[in-house]
Chemist: 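Pasting a structure below so you can have a look.
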Amino acid sequence: MTISQKTLETSHGKIAVRQTGGEGTAVMLIHGNSSSSAVFRNQLDSMLGERYHLIAPDLPGHGASADAIDPERSYRMEGYADAMTEVLGLLGIDKAIVFGWSLGGHIGLEMIDRFPGLLGLMITGTPPVSPEEVGNGFKPSPHMHLAGQETFTDADVQAYARSTCGEPFEPFLIDTVARTDGRARRLMFEKFAAGTGRNQREIVAGKTPPIAVLNGIDEPFVNTDFVSAVKFSNLWEGKAHLLDKSGHAPFWDSPDRFNPVFARFLASFDRA
């Protein structure tokens with residue numbers, strides 16, 4: 001499997017993108033807070049990458065992308081959604097499926113109104129909450145406060161890297177967290193808490209493309225019971241899916257079981 005890498009000049013700054021050579025539908029993979037596209041290795045370097053045109057950008061301030069030109073504009077869910085929509089435009093893609101993990105799922109929800117060619121969306125580790133429901137959508141966690149903390153100690157980097165991806169743990173996960181622009185965490189959390197984006201509970205209840213929901217049953221941050229009770233107007237297969245023996249990142253900790261479900265979701269658009 002050949003995975004190419006390029007850097008795009010965007011209005012948010014330079015954005016690094018990994019792509020596979022599959023000739024099928026374009027599928028954008030959006031990573032979470034203080035992560036990078038490297039976490040999608042088990043999807044990029046798989047049959048999925050051979051069949052579909054997988055596109056995995058690094059968000060502004062993350063991975064190999066540059067820090068945001070205008071942090072106040074970019075480091076928020078709406079700003080990231082604008083950036084990802086711009087990436088698709090620069091790549092000449094007018095139709096795509098999006099997979100969003102954690103923050104990436106919130107970004108995908110914000111893209112529904114921004115990218116007319118959004119065929120479908122799959123979210124993992126992403127509770128679609130209204131501003132007043134944040135406390136219900138997320139679980140109390142000893143590491144949750146780190147999601148919005150600008151400055152990390154070495155211990156914070158270790159704790160965040162290990163709690164978000166779980167096992168198998170690899171050293172590059174530490175480097176990825178350490179590289180992240182701390183302003184991205186602080187500003188994103190502040191804007192989210194202030195309710196600057198759309199009410200995501202209302203988004204999923206409105207007119208949407210098919211939305212697939214898949215979470216690990218051992219999810220440490222997200223209240224999966226809350227997610228299962230959310231009203232989706234167009235929920236794929238009519239239910240929120242749960243993977244046992246899996247945590248916040250099923251695509252990473254259980255790719256052998258995640259990828260077949262993801263493949264089934266993608267194939268549903270081949271038949272459309």
Side-chain angles (χ1 to χ4, degrees), residues 12 27-33 59-60 72-89 94-141 144 147-148 184-216 219 221-242 248 265 268-269 272:
H12 294 266
V27 182
M28 175 174 269
L29 310 175
I30 307 177
H31 65 77
N33 183 4
L59 293 171
E72 288 281 346
R73 174 189 174 218
S74 300
Y75 294 155
R76 54 203 294 169
M77 292 172 190
E78 315 96 286
Y80 287 137
D82 285 337
M84 296 299 96
T85 301
E86 190 173 338
V87 165
L88 290 171
D94 59 5
K95 292 184 184 301
I97 301 164
V98 169
F99 169 74
W101 168 49
S102 197
L103 170 61
H106 293 292
I107 294 166
L109 291 170
E110 289 282 352
M111 289 176 70
I112 289 174
D113 286 343
R114 287 173 169 79
F115 182 58
L118 185 62
L119 301 174
L121 171 66
M122 186 175 199
I123 58 176
T124 290
T126 305
V129 292
S130 63
E132 62 272 13
E133 291 177 324
V134 173
N136 297 327
F138 293 93
K139 293 179 178 178
S141 164
M144 180 62 81
R185 285 188 294 270
R186 176 177 59 81
L187 287 169
M188 180 277 294
F189 194 85
E190 288 175 358
K191 306 291 186 186
F192 184 44
T196 60
R198 284 194 58 200
N199 182 323
Q200 298 201 338
R201 186 75 173 259
E202 292 180 355
I203 290 176
V204 301
K207 185 177 181 181
T208 71
I211 298 178
V213 178
L214 187 152
N215 290 306
E219 167 65 69
F221 302 114
V222 174
N223 181 344
T224 55
D225 289 339
F226 172 89
V227 176
S228 294
V230 168
K231 177 177 172 54
F232 289 80
S233 66
N234 196 357
L235 182 61
W236 179 64
E237 294 191 342
K239 65 177 183 178
H241 296 258
L242 287 170
H248 189 54
F265 179 62
S268 69
F269 299 93

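The analysis underlying the following values was restricted to heavy atoms, covering all of them including side chains, and did not include hydrogens, waters or symmetry mates. Numbering starts at 1 and runs along the sequence shown. Predicted model, so just to flag it, every value in this text is computed and none were measured.
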Chemist: Which pair of heavy atoms, one from A81 and one from E110, lies closest together, and at what distance?
Modeler: CB-CB, 3.6 Å
Chemist: Do E72 and K191 meet the salt-bridge criterion of a basic N to acidic O distance under 4.0 Å?
Modeler: yes
Chemist: Would you indicate whether the side-chain heavy atoms of L59 and I107 approach each other to under 4.5 Å?
Modeler: yes
Chemist: Tell me the closest heavy-atom pair linking G32 and W101, and the distance in Å.
Modeler: N-CE3, 3.3 Å
Chemist: Any side-chain heavy-atom pair from M84 and F115 closer than 4.5 angstrom?
Modeler: no
Chemist: Could you measure the distance from the NZ atom of K95 to the CG atom of L88? Nearest 0.5 Å is fine.
Modeler: 12.5 Å
Chemist: Could you check whether any side-chain heavy atom of P128 comes within less than 4.5 Å of a side-chain heavy atom of V213, counting everything from C-beta outward?
Modeler: no
Chemist: NE2/H241 to OG/S228 distance, rounded to the nearest 0.5 angstrom?
Modeler: 10.5 Å
Chemist: Taking side chain as C-beta onward, heavy atoms only, is S102 less than 4.5 Å from F221?
Modeler: no
Chemist: State the CD-CG distance between E133 and N199, to the nearest 0.5 angstrom.
Modeler: 7.0 Å
Chemist: For residues K139 and V222, report the shortest heavy-atom separation together with the two atoms involved.
Modeler: CE-O, 3.4 Å
Chemist: Hey, are the side chains of L187 and R76 touching, using non-hydrogen atoms and a 4.5 Å cut-off?
Modeler: no
Chemist: Any side-chain heavy atom of I30 within less than 4.5 Å of one from V98?
Modeler: yes
Chemist: Does the pair M77 and L103 meet the rule for a side-chain contact (heavy atoms from CB on, under 4.5 Å), with working shown?
Modeler: CA-CA 8 Å; M77 292 172 190; L103 170 61; 3.9 Å; yes
Chemist: Looking only at non-hydrogen atoms, find the nearest pair between G137 and F226 and report the distance.
Modeler: CA-CD2, 3.7 Å
Chemist: Give the minimum heavy-atom separation between P131 and G195, together with the two atoms involved.
Modeler: CG-CA, 4.0 Å
Chemist: Measure the OG1-CD1 distance between T208 and I112 for me, rounded to the nearest 0.5 Å.
Modeler: 5.5 Å
Chemist: Side-chain contact, heavy-atom cut-off 4.5 Å: L121 with M111?
Modeler: no
Chemist: Of the non-hydrogen atoms in F99 and T124, which two are nearest, and what is the gap between them?
Modeler: CE1-OG1, 3.4 Å
Chemist: Go through it in stages, so that I can follow the logic: the residues are L109 and I211, the test is side-chain contact (heavy atoms from CB on, under 4.5 Å), and I'd like the CA-CA distance, side-chain angles, deciding distance and then a yes or no.
Modeler: CA-CA 9 Å; L109 291 170; I211 298 178; 4.2 Å; yes
Chemist: Which value, rounded to the nearest 0.5 Å, describes the distance between I123 atom CD1 and N215 atom CG?
Modeler: 7.5 Å
Chemist: Rounded to the nearest 0.5 Å, how far apart are CZ of R114 and CG of D82?
Modeler: 4.5 Å
Chemist: Is any side-chain heavy atom of F265 closer than 4.5 Å to a side-chain heavy atom of L214?
Modeler: no
Chemist: What do the steps show when you test E219 against H248 for side-chain contact (heavy atoms from CB on, under 4.5 Å), and what is the final call?
Modeler: CA-CA 5 Å; E219 167 65 69; H248 189 54; 2.8 Å; yes
Chemist: Can you list every ring-ring contact (aromatic ring centres under 6.0 Å, His included) pair that touches residues 184-216, not counting sequence neighbours?
Modeler: H106-F192
